[in-house]
*Asks:* 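Pasting a structure here, questions to come.
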Amino acid sequence: MNIVVLVKQVPDSGADRNLRNDDNTVDRGSANNVINEMDEYAIEEALKIKEAHGGEVTILTMGPDRATESIRKALSMGPDKAVHVVDDALHGSCAVATSKVLAAALGQLNADLVICGAESTDGRVQVMPHMIAERLGVAALTGARKLTVDGGTLTVERQTEEGYEVITAATPAVVSVWDTINEPRYPSFKGIMAAKKKPVQTLSLADLGVAPTEVGFDGATSAVVEHSKRPPRSGGAKITDEGEGGVKLVEFLATEKFV
Amino acid sequence: MTAPLDLLDLDPSLTEEERQIRDVVRQLIDDRVRPHVADWYEEGRVPARELAREFGKLGLLGMHLTGYGCAGASAVAYGLACQELEAGDSGVRSLVSVQGSLAMYAIWRYGSEEQKQRWLPSMATGEAIGCFGLTEPDHGSDPASMATRARRDGDDWVLTGGKMWITNAPIADVGVIWARTDEGVRGFAVPMDTPGVTAREIHRKMSLRASVTGEIVLDDVRLPADAQLPEAVGLKAPLSCLTEARYGIVWGSVGAARDCLETALAYATTRTQFGRPLAGFQLTQAKLADMAVELVKGQLLALHLGRLADAGRLKPEQVSVGKLNNVREALAIARQCRTILGANGVSGEYPVMRHANNLESVLTYEGTSEIHQLVVGQRLTGVSAFA
Ligand SMILES: Cc1cc2nc3c(=O)[nH]c(=O)nc-3n(C[C@@H](O)[C@H](O)[C@H](O)COP(=O)(O)OP(=O)(O)OC[C@H]3O[C@@H](n4cnc5c(N)ncnc54)[C@H](O)[C@@H]3O)c2cc1C
Ligand SMILES: Cc1cc2nc3c(=O)[nH]c(=O)nc-3n(C[C@H](O)[C@H](O)[C@H](O)COP(=O)(O)OP(=O)(O)OC[C@H]3O[C@@H](n4cnc5c(N)ncnc54)[C@H](O)[C@@H]3O)c2cc1C
């Protein structure tokens, strides 16, 4: 099975994250950039399928030059090769444009199965799998907590608020996964050392036949007009119980309009 | 090298591969060691086999060796891994040192092809655990006078004697045992289930409690001829293994110190006395500054030795410089950090006292500080003052 995993480089969600003041995009320059956490689960799932059924696993990333570090990290877990879409014109791309570019790249990769994270920690829009599936004209099995492959049939347990739904589809298809699906492996030292030698193909917009005007700020279907920093957390009120603590608590909740 | 403590910005001197190896070991230690190590320490036991398998999966065991399932990483990468392991616990680092640098290295460097095939692949995965028996009850710093004997009996060898303070001995599958023969010191790969071999655990240790230590009794242990390591001739063979392991300690001890300093730094900035954080007192800042300076010096020294090792130019006396300085300073840092934590400094809820106690063992094993002073002294003066 030919599997492509979508991997996005994002600013570490454990650290302070910012938007740039000049163009309102995510500040990737000063951030510690890592693999979008959910995508590690996507990689693990792809590797497990390859181990059980054979085939090949390819990483596909759209991102700036420095995303190569995350690509190497992804490859160190075990995938065979990577494709990196990098082009200055991509800066400022919206989700719609991103899906166009990724779908164009997927068009050259002949995947039986595309696996991605259910959401990214910087965008958090959860739209990529749907948009890509739509563009490719294939099924979208989203929000999986379990994936079974039986020949050309995929069965997914789709996580919902109440429980899960079972959905099936034929390949080719796009599957997005939650972090409940598996336990991603640590990259082994051999994997880390082998990743250096694995092929990483870079593709420009021209290689994909996508015009620069269709992406970036020019092609954005929506724009971030303004942003401001979250106000600093205020001290909060501390209620010491000196007999009337309960009353004070209720008063507090009432003035804050919680009750 | 966590950001505020990386005063000299050493991170960019590492390759991307080295940083990735460091980061994955740090992650593994955060996930699998940190949450449990205080309990292991208090109870004086450690799930060594489980850890060995986890470490094997990653490629930590014999990571600087090539072939036979070993990762073949650089000396610097190995050092960085030791730093992260020992930031977790010196006992956990000891498990990896003894397996990779002592037992596996001895077989890899001095063993026959059959011995390598038999032991190394399963030791690399952590399925088989090794130990290294040099020290004896009556012969520690002076192994040349060892009493354990190996005599020929037909084609066989028969071993008699005892080894003391042997890390992993009670759980080991194979022991690399050093013994005196008529031709001088020789090494043997001894399956620990051979009749006549017994390994008892040493209890009541106040240091390195998350590590298994034992005593080995060798009572007329009969071994086939092919148990002897053919390339190991004389005492320089086990000493070369110790140089390998000491190199790991040069890095490891810095890891323990870093963990102490990170803890003390965090504590000093949050704990308030006399209306201000401890970090706001000049006396505390002087301590923190002096410790951070020693820490980065130790890291620089380790990195320098690592680059020498990767260039094939590392000399044993240079490793002695590193072991002497870094363990001594790490212990000083651990003790100083303990003072900053006040009463909490003696608690197992914080890692500091555990590290300090561990470093007492690290100061003694793999050549005591005094022995390394004598090595450096001999190099400087040309005069041996050992005996
Ligand atoms: C209204 C709007 C305006 C935006 N404006 C800007 C802007 O001005 N400037 C700007 O920089 N960004 C902007 N963005 C962010 C934009 O770049 C996309 O949201 C983002 O690239 C798409 O992915 P996501 O992470 O949000 O998608 P999600 O659907 O949350 O991601 C799901 C999965 O898709 C895959 N994936 C997502 N992106 C990639 C990728 N690049 N390569 C490989 N796999 C990927 C991953 O597997 C990921 O786990 C905007 C987004 C929106 C919704
Ligand atoms: C937890 C732990 C694990 C260990 N694991 C192993 C293992 O796996 N394998 C193994 O073989 N050994 C192991 N050892 C043993 C360790 O290597 C020895 O303890 C060490 O070599 C010192 O020997 P000793 O304890 O007999 O001390 P001694 O040699 O008796 O030394 C006592 C003191 O005298 C000093 N001294 C000795 N000779 C001189 C001299 N010429 N000049 C000046 N001072 C001198 C020493 O520096 C020391 O301060 C371990 C020890 C510990 C504590």
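As a basis for the values below, the full set of heavy atoms in this structure was taken, side chains included, without hydrogen atoms, waters or symmetry mates. Proteins come first, then strands; the chains are lettered A, B, ... in the order of their sequence lines, and each starts at number 1.
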*Asks:* Before you tell me yes or no, could you show the steps for B:E16 and A:R72 under salt bridge (Lys or Arg N to Asp or Glu O under 4.0 Å), namely the whole-Å CA-CA distance, both residues' side-chain angles and the distance that decides it to 0.1 Å?
*Replies:* CA-CA 9 Å; B:E16 187 179 329; A:R72 291 283 169 215; 5.4 Å; no
*Asks:* So which bits of residues 197-206 of chain A come within less than 4.5 Å of chain B, counting non-hydrogen atoms only?
*Replies:* none
*Asks:* Tell me whether A:E51 at atom CD has more than 12 heavy atoms from other residues, nucleotides or ligands lying less than 6.0 Å away.
*Replies:* yes
*Asks:* Step through the shown structure and confirm whether more than 12 heavy atoms of other residues, nucleotides or ligands are within 6.0 Å of CG on A:D150.
*Replies:* no
*Asks:* So A:F189 and B:H64, do their side chains get closer than 4.5 Å, heavy atoms only?
*Replies:* no
*Asks:* What distance do A:I192 atom CD1 and B:L58 atom CG have between them, rounded to the nearest 0.5 Å?
*Replies:* 7.0 Å
*Asks:* Within a reach of under 6.0 Å around NE2 of B:H304, are more than 12 heavy atoms found that belong to other residues, nucleotides or ligands?
*Replies:* no
*Asks:* May I ask you to test the B:Q20-A:P187 pair for a side-chain heavy-atom distance under 4.5 Å?
*Replies:* no
*Asks:* With side chain to side chain contact (heavy atoms under 4.5 Å, CB included) as the test, would you mind laying out the steps for B:K57 and A:S188 before giving the verdict?
*Replies:* CA-CA 7 Å; B:K57 224 189 277 169; A:S188 74; over 6 Å; no
*Asks:* Mind running side chain to side chain contact (heavy atoms under 4.5 Å, CB included) on A:Y186 and B:V25 for me, showing each step along the way?
*Replies:* CA-CA 9 Å; A:Y186 300 100; B:V25 179; over 6 Å; no
*Asks:* Using the side chain to side chain contact (heavy atoms under 4.5 Å, CB included) rule, take B:R19 and A:E69 through it: C-alpha gap first, then chi angles, then the decisive distance, then the call.
*Replies:* CA-CA 11 Å; B:R19 268 179 276 141; A:E69 198 163 319; 4.2 Å; yes
*Asks:* Just checking A:D88: does its CG atom have more than 12 heavy atoms from other residues, nucleotides or ligands closer to it than 6.0 angstrom?
*Replies:* no
*Asks:* Quick check for you: among B:C70, B:A71, B:A81, B:A77, which has the greatest number of heavy-atom pairs under 4.5 Å with chain A?
*Replies:* B:A71
